[in-house]
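Everything quoted here is computed from the prediction, not taken from an experiment. The basis for the numbers below is simple: all heavy atoms, side chains too, and nothing from hydrogens, waters or symmetry mates. Every chain is numbered from 1, with letters handed out A, B, ... down the list of sequences.
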Amino acid sequence: MTQLLKISLPDGSVREMEPGSSPADVAAAIGPGLAKAALAARVDGEVRDLNRPFDGDAELALITARDEADALELVRHDYAHLLAEAVQALFPGTQITFGPATDDGFYYDVMAPASRAPFSSEDLPAIEAKMRELIKADKPLRREVWSRADLIAKWEADGEAFKAEWAKELPEGEELTVYWSGDDWLDMCRGPHLASTGKLDPDAFKLTRIAGAYWRGDQSNPQLTRIYGTGWLNKKQLKQHLHNLEEAAKRDHRKLGREMDLFHLQEEAHGSVFWHPKGYMIWRELEAYMRRKMDATGYREIKTPQLMDVRQWEQSGHWGKYAENMFAVPDMVPQVDEDGDGPAKPTVEKDADWMAIKPMNCPAHVIVFKQGITSYRDLPIRLGEMGCCHRNEPHGALHGLMRVRQFTQDDAHIFCTEEQVVEEVRAFCELANSVYKDFGFTYHVKLALRPEKRFGSEADWDKAEQELRDAVAEAGMANEEFGWEELPGEGAFYAPKLEWHLTDAIGRTWQVGTIQGDRVLPDRLDATYVGEDGGRHRPVMLHRAIFGSYERFIGILIEHFAGRLPVWLAPVQAVVAPIVSDIDGYASEVEAKLKAAGIRVESDLRNEKINYKVREHSLAKVPHLFVVGKREAEEGTVAIRTLGEKEQRVMPLDEAVAMLKQAATPPDLADQTA
RNA sequence: GCCGCUUUAGCUCAGGUGGUAGAGCACAUCAUUCGUAAUGAUGGGGUCAGAGGUUCGAGUCCUCUAAGCGGCACCA
């Protein structure tokens, strides 16, 4: 006697099914349309294959293309397997390793056979074609449970060293699954998969690039070839995605930086930025803004040396831990050897003293703190610096303004007592919030917890982590709205850190702000204050930044606004463009009035047609274009063409000046002028 | 640092199989004074990333170096 399975569906109904039946059977029982549309099934919350039999009574939700997140994950995973199968079909002897789904597609790491060169982008079209062939063949994907020993034997027999290595590390006795594609190819995989390769849309994927990647992400392991693809449910989605990529490329800060004449980079100073007048104007506005913010919240600004004796860096611990990322210079006048035939080179004397360029400002700030005697009554002391630092980053890491070797932080260190930590961190959360809101960013707050390699006792870490948690809770940000999340193992070796991740206009995230509670450096550099009891105590040192670095933050702003910066940040806020040269006099008058009102304005008196001027300044992303012709000159008005708006507005000059003055007011000053 | 690709005028790019560089934009000069996204003509401009090699001859082939791009690793 068999007992029927009770399968509950999302609409609340319950279906009775024969034992051994699967979600596919339920779908078929409901209707042929659903049976065709179903891609996989959510059984008691777990995504499973459509034709994997039920284990018992279950709650079932069938997944179709309408359940986009689940469906995308499924098809991308399938594309990854298909990719691996295609590569092996085309290039026998290729070893396969891993191939997960990604945010927009999938990849698979493979090792080309020794007999041929590593794969290159030239191989991609052939692989794509093979994948389409496999989709067309509509090979059934079949799940099978294997023993670990069988799996290892299979991989070793096939010469799949990486797979075998992985299988050997899987726990003994665990149920391991493989998926057959047809009956001639298989990969070990937890699944789930679609019922057959034919469920994939042959026109909804594209192999995009080839890259190197270390086996298991470890630099000391062999390097594999990673083949990336983007994969979607249908052709339309793929097309949309490719379009989005093009749009993102258009707002690339490196491209816009050149087009808008903001900055440049060149070989002789790679990783350091040459700021041009327009780009540096953005910087100056940001710096002035940040100074106002910090002045208003109890920070005092200092300036500390760029070069310090290496002995100082030894004491702070950086020379031991961080030397490979530091630039060092001999403390001497270089003697250039001009006698030899070869190129003249400075010579360094053997006993030269070495100095290092600061990779961070913290030690110098402790040194300032240590001057004189500090009473607990003086705490907290907040020392800020627009600190220019140099770090010798791995060359492959450099990227436009986003990762550079010379950068300036909006840095500050808060020296406070144990009791003051939570309040100081809370106040920082508020300050950071007000800054990000002023730029129109939304953000997530994350807490990076103790890493494996770390200084200090467990008790200290417990305490330090809890302080940050408490402070964020008090600021009302430890919740979903602020994307609150804890990241185990991601903290610095000396302290846990709070991180602010901005989300830009096209959904990318950027880590910028941070605050860290440090008890190690004050100890190493012997910073103390005199407490209420007359004894010496260690202050806690909070490292914090909001922009992170000016370079990076400007890069993010450029991409976020696609170059169309808010008026207060725009390097040129308005251009006055006369239509005919008879009006040059009036144009200069308009320019003078705007200048007097503090507006960054230029007039374009070139002998060019107005169409040409409009086009040029629009492309240059000037927020306001003041067009003046005979009519305006007679009436004392201006025709304002605002970037991004279709209609122009004609208004009296005085009114226009007032309007622009208000538009150009930085957000932190807006309330006072309103 | 690792893998792959790239490097030609200020910018974007063209230059089958080696025979001594080309376009558009930009720039300069001249003409044009033209009301909302490119007026026309003329002209100047390049040690083809750098070094070495093969060759009668190298932008083109080879080696090395550097930087850039896409990833990986790194981001204390």
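Under the Watson-Crick and G-U wobble criteria, each requiring two contacts below 3.5 Å, nucleotide rA66(B) is paired to rU7(B). Nucleotide rA14(B) has no partner under the Watson-Crick or G-U criteria, as no pair reaches both atom distances under 3.5 Å. Pair assignment for rG19(B) gives rC56(B), based on Watson-Crick or G-U wobble hydrogen-bonding distances that are each under 3.5 Å. Pair assignment for rG40(B) gives rC30(B), based on Watson-Crick or G-U wobble hydrogen-bonding distances that are each under 3.5 Å. Applying the Watson-Crick and G-U wobble criteria (two distances, each under 3.5 Å), rA73(B) pairs with nothing in any strand. Figure legend. rG45(B) is base-paired to no nucleotide; pairs are counted as Watson-Crick or G-U wobble with both atom distances under 3.5 Å.
One can place CZ of R615(A) at 10 Å from C1' of rC25(B), the figure rounded to the nearest angstrom. Put simply, CD1 on I579(A) is 11 Å from C1' on rU33(B), counting in whole angstrom units. The nearest whole Å value for the distance from the CG atom in L401(A) to the C1' atom in rC69(B) is 16 Å. With rounding to whole Å, D218(A) atom CG is found 21 Å from rG71(B) atom P.
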Would you please test L643(A) and R564(A) for side chain to side chain contact (heavy atoms under 4.5 Å, CB included) and show each step?
-> CA-CA 8 Å; L643(A) 191 64; R564(A) 300 176 167 211; 3.8 Å; yes

Taking it one step at a time, do L487(A) and E499(A) satisfy side chain to side chain contact (heavy atoms under 4.5 Å, CB included)?
-> CA-CA 10 Å; L487(A) 309 170; E499(A) 299 173 348; 3.8 Å; yes

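Side-chain polar atoms of H390(A) and R405(A) form no donor-acceptor pair below 3.5 angstrom. With 3.5 Å as the limit, one finds no donor-acceptor pair spanning the side chains of H501(A) and Q511(A). Side-chain atoms of H365(A) and E385(A) include a donor-acceptor pair closer than 3.5 Å. Counting only N and O atoms by type, the side chains of W215(A) and D109(A) include no donor and acceptor under 3.5 Å apart. Judged purely by distance below 3.5 Å, without hydrogens or angles, the side chains of Q516(A) and Y494(A) pair a donor atom with an acceptor atom. Between Q88(A) and E160(A), the side chains place a donor N or O and an acceptor N or O closer than 3.5 Å (distance only, hydrogens not considered).
Comparing R641(A) and H399(A) along RNA chain B, the residue whose closest nucleotide (by nearest heavy atom) sits nearer the 5' end is R641(A). Both R606(A) and R631(A) sit near RNA chain B, but only R606(A) has its closest nucleotide nearer the 5' end.
Without hydrogens or angle criteria, T208(A) side chain to Y228(A) main chain gives a donor-acceptor distance under 3.5 Å. Proximity of a side-chain donor or acceptor of E632(A) to a complementary backbone N or O of G629(A) within less than 3.5 Å is detected. Distance alone, capped at 3.5 Å, is enough to place a donor-acceptor pair between the E465(A) side chain and the R450(A) backbone.
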Contact list (N/O, under 3.5 angstrom) for nucleotides 3-9 of chain B vs protein:
from, atom 1, to, atom 2, distance (Å)
rC3(B), O4', Q223(A), OE1, 2.7
rC3(B), O2, G212(A), N, 3.2

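Each of rU36(B), rG35(B), rA26(B) was ranked by its minimum atom distance to the side chain of Q648(A); first place goes to rU36(B). Here rG68(B) is the nucleotide among rG35(B), rG68(B), rG1(B) with the atom lying nearest to any side-chain atom of L398(A). When the nucleotides rA37(B), rC75(B), rG71(B) are ranked by their closest atom to the side chain of Y228(A), rG71(B) comes out on top. Counting only heavy atoms from C-beta on, R403(A) has its side chain closest to rC74(B) among rA26(B), rA67(B), rC74(B). For V580(A), whose side chain is taken as the heavy atoms from C-beta onward, the closest listed nucleotide among rC34(B), rU39(B), rG71(B) is rC34(B). Side chain of S581(A), nearest nucleotide from rU33(B), rU36(B), rA67(B): rU33(B). Of all nucleotides listed (rA67(B), rC74(B), rA73(B)), rA67(B) comes nearest to the side chain of H270(A). Comparing rA37(B), rA66(B), rC74(B) by their closest approach to the side chain of A397(A) singles out rC74(B). Taking the side chain of Q219(A) as heavy atoms from C-beta on, and the options rA38(B), rG1(B), rG71(B), the nearest nucleotide is rG1(B). Among rG35(B), rA38(B), rC74(B), the nucleotide with an atom closest to any side-chain atom of P394(A) is rC74(B).
Between H395(A) and rA67(B) there is a side-chain N or O to OP1 or OP2 distance below 4.0 Å. For the pair Y107(A) and rG70(B), the criterion of a side-chain N or O lying under 4.0 Å from OP1 or OP2 is not met.
For the salt bridge (charged side-chain N to carboxylate O under 4.0 Å, His left out) criterion with E559(A), the lone passing option out of R508(A), K255(A), R254(A) is R508(A).
Scanning atom types as modelled, no donor and acceptor separated by under 3.5 angstrom connect the side chain of Y214(A) and the base of rG71(B). Side chain E632(A) to base rG35(B): a donor-acceptor pair is found below 3.5 Å.
Within residues 242-260 of chain A, the residues that place at least one heavy atom under 4.0 Å from RNA chain B are, in residue-number order, R254(A), R258(A).
Here the separation of rA49(B) from rG10(B), taken at their P atoms, is 13 Å to the nearest Å. As rounded to the nearest Å, rG46(B) and rG53(B) have P atoms that lie 26 Å from one another. For the P atoms, the distance from rC62(B) to rG40(B) is 43 Å, rounded to whole Å. Here, rU39(B) and rC34(B) have their C1' atoms 8 Å apart, quoted to the whole Å. Nucleotides rG50(B) and rU36(B) have their P atoms positioned 48 Å apart, rounded to a whole Å. Here the separation of rG22(B) from rA67(B), taken at their P atoms, is 33 Å to the nearest Å. rG70(B) and rC25(B) have their P atoms separated by 29 Å, with the value rounded to a whole Å.
Base engagement by Y322(A) is indicated by at least one non-hydrogen atom pair under 4.0 Å involving a base atom. Counting any heavy atom pair closer than 4.0 Å across all strands shown, I610(A) reaches sugar-phosphate atoms only and no base atom.
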